[in-house]
Structure formats: C-alpha cells, structure tokens
Amino acid sequence: MTTRTRFAPSPTGYLHVGGIRTALFAYLVARQAGGQFVLRLEYTDKKREIEGAGQHIIDSLHALGLTYDEGPDIGGPYAPYLQSDRLPRYREWAQQLIDAGRAYADPYSAEEVQQFREEAQKAKKPFLYRNHRPENPPEWDGSTPLRFKSEPQDYEWEDAVMGQLHAGKEAIDDFIVMKSDGYPTYNFAHICDDADMEITHVIRGQEFIASTPNFLNLYEALGLERPILATMPHILGPDGNKKLSKRDGAKDVLDYIRDGYLPEALVSFIASMGWNDGTEQEIFTMPQLIEKFSLNKVQRAGARFDERRLLWMNGAFIRELPLNELFMKCQDYWPAEAADYPEDYRRAVLALVQERMKYLAELPELTRFFFTDLPVNPELISGHKQLKKLSTEELRTLLQQTQATLEQSDFTALDLQNRLNALLEKSGQKPAVLFSLIRIATTQAPASPGLAETLAVLGKEVSLQRLQSQLSYL
C-alpha cells in the first residue's frame, strides 16, 4: 500500500508551530516511504473561517519547503481538496449511514438539549445524548442536524506515538455529522475525506484523543478500515507548564521568515520539539530528517517551546551558509544607508558579521556603523566597567597614541593587528581597555566584529576621522 499522509488544518488563523510540526511529521512520513503528502483545507465552520487564512497556510508550507503532492491550489486525483467544495459527497456518506440505520434527524431544539444537560447535572450523571434518542425521528431533509447513531463499546487501539490506548463505552455518544446549514462537522468530514483520498496515516494533535472512540465507532459504521493513528503531544509554553499560546510570544511562522529565520533552521527546530533520533545530534537538514525520522521516536510528553534555542539554531545555520548565498538572502535586510555603497564593500561587511548574526533582520543593528558616522555616545565609555575609571586626559592620550600608530598602517587586517599589539605593549594597557576604547571611538556601537578586521573594512580615512571625532568630543 502506498503511504499517503495529509495535513488538514482549518483556515481560522495563522499557522503556529504546533500546526507546522504536524505538517512536517506528515511530510516526513510520506517522503521517507516514497508516498504522497496531501494538503486539505477543513472548511466546516464558516463562522470561524478567516478570509485569507487558507492562502496563508499554503504560503507557510511553501516558505518552509513542505511541498505537497496534491492540494487545493494544484489539484490531484482526489479533488476537490476544499471541504466547502465537497458538500455533495458528504450527503452521500450521510445517506449511507441513514440507509444502514446508523443516523437520525435530530428533532430537539437547543433549549431542549440544554434541559437534558441540566437534568443530568442534577442527577450527577454525565450527559450522553444517546440517552435521549427520539423514538420516531422525522425523515432527515437537511433542515435539522443529522446525528450518528452510535453503538457504544469498549475500545483498545494502537497509536503510533502514544502506544496502546483504550476507552470505555461511556466515551461514545451520538454526535452531529451534518449541520442544519448543510455543512458536515469535523468529526464526520475528516473521516469521509480520508477514506475518499485513501489516507493511510492520520497524524494530528493530542486534543483529538478524547474523540477517537467516536471516530472508531464511525469507521465501523461506514465499513472503513481505520488508518494508522499518530497523536502529537502538545507543544508547551516556555515555562513548560501549559500548552503554548499566542500570549507566550509564539509568532506566525511567516513572521519568523520575515524576521530572517531560515526555513532550514525553523524545520530543524520544529522537528526537534518532541523528537530525536536517539543520538546527541541537535541540528538536522531536511534530507537527514527524511532519512532518520520515525513516529516511534516521537516522545509522548509535551515539548517545551524555547525561542532562545531557535535563535541559537538559526545562527548555526547562518554560519554554515556560503557567503554568496547569505548575501543573496540579505538583500532586503541592509540598513538604508548601505544603498550608496558598492557590492564588494557590503560583502566584506557581511563576511565580518556572519559569525555574530542570529537572524537576518538584525543586520542593520550589526552593520549600520559601517555605512554612516554614528553620533558620539558618551554612555559607551561612562558605562564601560573599566574605561569609566580613566580620566579624560588618559582617554585622550590613548586615542592620540592610536592615531599616531594607525597613521603608519597600510590598513590590511594583519598589519593593523600587529600595530595594535605593539601599541598594547607601549601603552601598558589591557586589551579590554585599549581595544574597547578604539572600538567605541571608531564604531559608536556596543559591540563589533574583530577590531583589526573592522578597521580594515572601514578604511584608513574613516577610521582616523572617527578617532578625531571622539577626541574632539573629549
């Protein structure tokens, strides 16, 4: 049997890391087996649908390189892949249940159902709709909800991640399969769609475990062979105590892309939340993930979302990029002042800061001083642990000595380093004092790449002029 997995989100908001992880794992299972990965959009709740969310899901998957073989924008042999376009098919499946005596029209009003709930609450019993089945329900004409007529039983089933699971008959109830607006419920539609599209693996979030006994009952009623079920544990907030939410700072995946997080880093980071291959390896390329991934190595406990780890991982991927490739990726991230400088100069600047970059959007902060003279910031010296101990005259003397030394340099990085080391000996100062002062004077930035390399890129004229500006200020 060909392995066929699917990602079937509802277009009710942006795609967060939990959804992306489900999509990624489904993608990896399909690719590893040489099967197909399908995108299907679950349009069952028109009230919650957000305009543009479907396209956002498509854009997010494309941005991360999770290419699907069939989907709403590319079609496929089991089209359509939008649930809103599949309404006639759901009516056919619903009729199959009716013909088998496994569905009935729901004649009760919302007020009557609420009364049933309150009676169960007073009796201190769980509310089960099946205890209130109508004896002679009307023929279903679509104007009222259609309910599944369950056959409660105990179930045991194997989950590819969670292992052996079980539930008693009390977990099974008569649920709505078709709403009065003509749309199916998720509980019904996804099973019909999976059957029609020959899906072999259903990979989804932990919130669906409680509903699985109902799904199993419906599979049997429709005469369907159940697919392989794999339940993803929750992604937890930074403190590890609760499910990750927007309030925890988790962003839209496209916001991460816009901020200059590399798709490769995001994929590696998301894959490692709740899965590893049993080794000490922390960073994986997509080919490595396809080769090594397996559902039985997904942990059952929740995985904590640690954005600092994502930042570290993204920096690691940036450092591994060839300079030409990184330069192309940085085209839209340079500070505005860089536009007047030639490409060779910008490449030289990028080569210097590549080791320190954690995401592309911080490029202006790291490089602006290479392109413009920043105003003298006295707090950089007054706030420095060691420089603040020196008198103004001592600072001036060190800067004058630096000027005299750099006047003689050809401004290659090697010559600059040798002259700076000689000045260190001559002045009797520590590197943390002398080199920090020179760095502040020439960059007006709290940090910079290696001093000799930075001066070499800035050039002799700019470096000496900035030393003089600091001297004049003092």
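Not measured: the values here are computed from a predicted model. All residue numbers in this chain count up from 1 along the given sequence.
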Could you measure the distance from the [atom1] atom of [X] to the [atom2] atom of [Y]? Nearest 0.5 Å is fine.
{"X": "Ile74", "Y": "Leu39", "atom1": "CD1", "atom2": "CG", "result": "8.0 Å"}
{"X": "His56", "Y": "Asp59", "atom1": "NE2", "atom2": "CG", "result": "7.5 Å"}
{"X": "Asp73", "Y": "Ile58", "atom1": "CG", "atom2": "CD1", "result": "4.0 Å"}
{"X": "Arg226", "Y": "Leu216", "atom1": "CZ", "atom2": "CG", "result": "4.5 Å"}
{"X": "Arg31", "Y": "Thr3", "atom1": "CZ", "atom2": "OG1", "result": "11.5 Å"}
{"X": "Ile270", "Y": "Leu24", "atom1": "CD1", "atom2": "CG", "result": "7.0 Å"}

Sequence neighbours excluded, every pair satisfying salt bridge (charged side-chain N to carboxylate O under 4.0 Å, His left out) that has a member inside residues 444-464 =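 Checked against salt bridge (charged side-chain N to carboxylate O under 4.0 Å, His left out) - neighbours excluded - no pair reaches residues 444-464.
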Can you tell which of Tyr333, Tyr261, Tyr256 makes a ring-ring contact (aromatic ring centres under 6.0 Å, His included) with Tyr359?
-> Tyr261
Verify the distance criterion only: is there a donor paired with an acceptor across the side chains of [X] and [Y] at less than 3.5 Å?
{"X": "Lys243", "Y": "Gln206", "answer": "no"}
{"X": "Asn187", "Y": "Thr185", "answer": "no"}
{"X": "Asn421", "Y": "Gln417", "answer": "yes"}

Whether the side chain of [X] engages the backbone of [Y] through a donor-acceptor N/O pair (distance < 3.5 Å, no angle test) should be reported.
{"X": "Ser409", "Y": "Thr405", "value": "no"}
{"X": "Arg396", "Y": "Leu471", "value": "yes"}
{"X": "Gln288", "Y": "Thr285", "value": "yes"}
{"X": "Asp85", "Y": "Pro80", "value": "no"}
{"X": "Ser268", "Y": "Glu264", "value": "no"}
{"X": "Gln354", "Y": "Leu321", "value": "yes"}
{"X": "Asp173", "Y": "Phe175", "value": "no"}
{"X": "Arg21", "Y": "Met273", "value": "yes"}
{"X": "Gln32", "Y": "Glu291", "value": "yes"}

Take Gln468 and Gln403 through the side-chain hydrogen bond (donor to acceptor under 3.5 Å, both in side chains) test and state the conclusion after the steps.
-> CA-CA 8 Å; Gln468 184 57 49; Gln403 273 185 321; 2.9 Å; yes
Within a reach of under 6.0 Å around [atom1] of [X], are more than 12 heavy atoms found that belong to other residues, nucleotides or ligands?
{"X": "Glu51", "atom1": "CD", "answer": "no"}
{"X": "Glu320", "atom1": "CD", "answer": "no"}
{"X": "Glu325", "atom1": "CD", "answer": "yes"}
{"X": "Glu379", "atom1": "CD", "answer": "no"}
{"X": "Gln164", "atom1": "CD", "answer": "yes"}

Would you please indicate if the ring centroids of Phe269 and Phe305 are separated by under 6.0 Å?
->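 Here the rings of Phe305 and Phe269 have centres that are less than 6.0 Å from each other.
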Nearest non-hydrogen partners of [X] and [Y], listed with the distance:
{"X": "Thr5", "Y": "Val29", "answer": "CG2-CG1, 3.8 Å"}
{"X": "Gly35", "Y": "Thr2", "answer": "CA-CG2, 4.1 Å"}
{"X": "Asn214", "Y": "Ile172", "answer": "OD1-CA, 3.3 Å"}
{"X": "His201", "Y": "Ile199", "answer": "O-CG2, 3.3 Å"}
{"X": "His384", "Y": "Ala432", "answer": "CE1-O, 3.5 Å"}
{"X": "Arg4", "Y": "Met197", "answer": "NE-O, 2.7 Å"}

Would you please test Met286 and Leu28 for side chain to side chain contact (heavy atoms under 4.5 Å, CB included) and show each step?
-> CA-CA 9 Å; Met286 184 67 87; Leu28 294 174; 4.0 Å; yes
Do Gln401 and Ser427 pass the side chain to side chain contact (heavy atoms under 4.5 Å, CB included) test, and can you show the C-alpha distance, the side-chain angles, and the key distance before you say yes or no?
-> CA-CA 8 Å; Gln401 289 176 333; Ser427 65; 3.8 Å; yes
Is the ring pair [X]/[Y] parallel, tilted or perpendicular, if the boundaries are 30 and 60 degrees?
{"X": "Tyr68", "Y": "Phe37", "result": "perpendicular"}
{"X": "Phe215", "Y": "His190", "result": "perpendicular"}
{"X": "Trp275", "Y": "Phe293", "result": "tilted"}

Indicate yes or no: at least one non-hydrogen side-chain atom of [X] is less than 4.5 angstrom from one of [Y].
{"X": "Leu165", "Y": "Thr212", "value": "no"}
{"X": "Glu198", "Y": "Tyr78", "value": "yes"}
{"X": "Val17", "Y": "Val253", "value": "no"}
{"X": "Leu398", "Y": "Leu423", "value": "no"}
{"X": "Pro184", "Y": "Val177", "value": "no"}
{"X": "Pro233", "Y": "Met162", "value": "yes"}
{"X": "Thr454", "Y": "Phe370", "value": "yes"}
{"X": "Leu387", "Y": "Val433", "value": "yes"}

Run through Asp194, Asp196, Asp69 and flag the one making a salt bridge (charged side-chain N to carboxylate O under 4.0 Å, His left out) with Arg6.
-> Asp194
Residue pair Phe371, Tyr345: steps toward the ring pair (Phe, Tyr, Trp, His ring centres under 6.0 Å) verdict | CA-CA 10 Å; Phe371 304 103; Tyr345 182 79; 5.7 Å; yes
Where do Gln83 and Tyr186 land on the side-chain hydrogen bond (donor to acceptor under 3.5 Å, both in side chains) test, with the steps shown first?
-> CA-CA 10 Å; Gln83 284 185 329; Tyr186 168 83; over 6 Å; no
Yes or no on side chain to side chain contact (heavy atoms under 4.5 Å, CB included) for Leu262 and Lys329, after CA distance, side-chain angles and deciding distance?
-> CA-CA 9 Å; Leu262 303 183; Lys329 291 180 181 295; 3.9 Å; yes
Could you go step by step and tell me if Tyr27 and Leu61 meet the side chain to side chain contact (heavy atoms under 4.5 Å, CB included) rule?
-> CA-CA 10 Å; Tyr27 172 87; Leu61 294 179; over 6 Å; no
Charged N to carboxylate O below 4.0 Å: is that the case for Asp277 and Lys297?
->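 Answer for the salt bridge query: no.
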So does Arg258 pair up with Asp255, basic N to acidic O under 4.0 Å?
->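 Counted as a salt bridge, because a side-chain N and a carboxylate O are separated by less than 4.0 Å.
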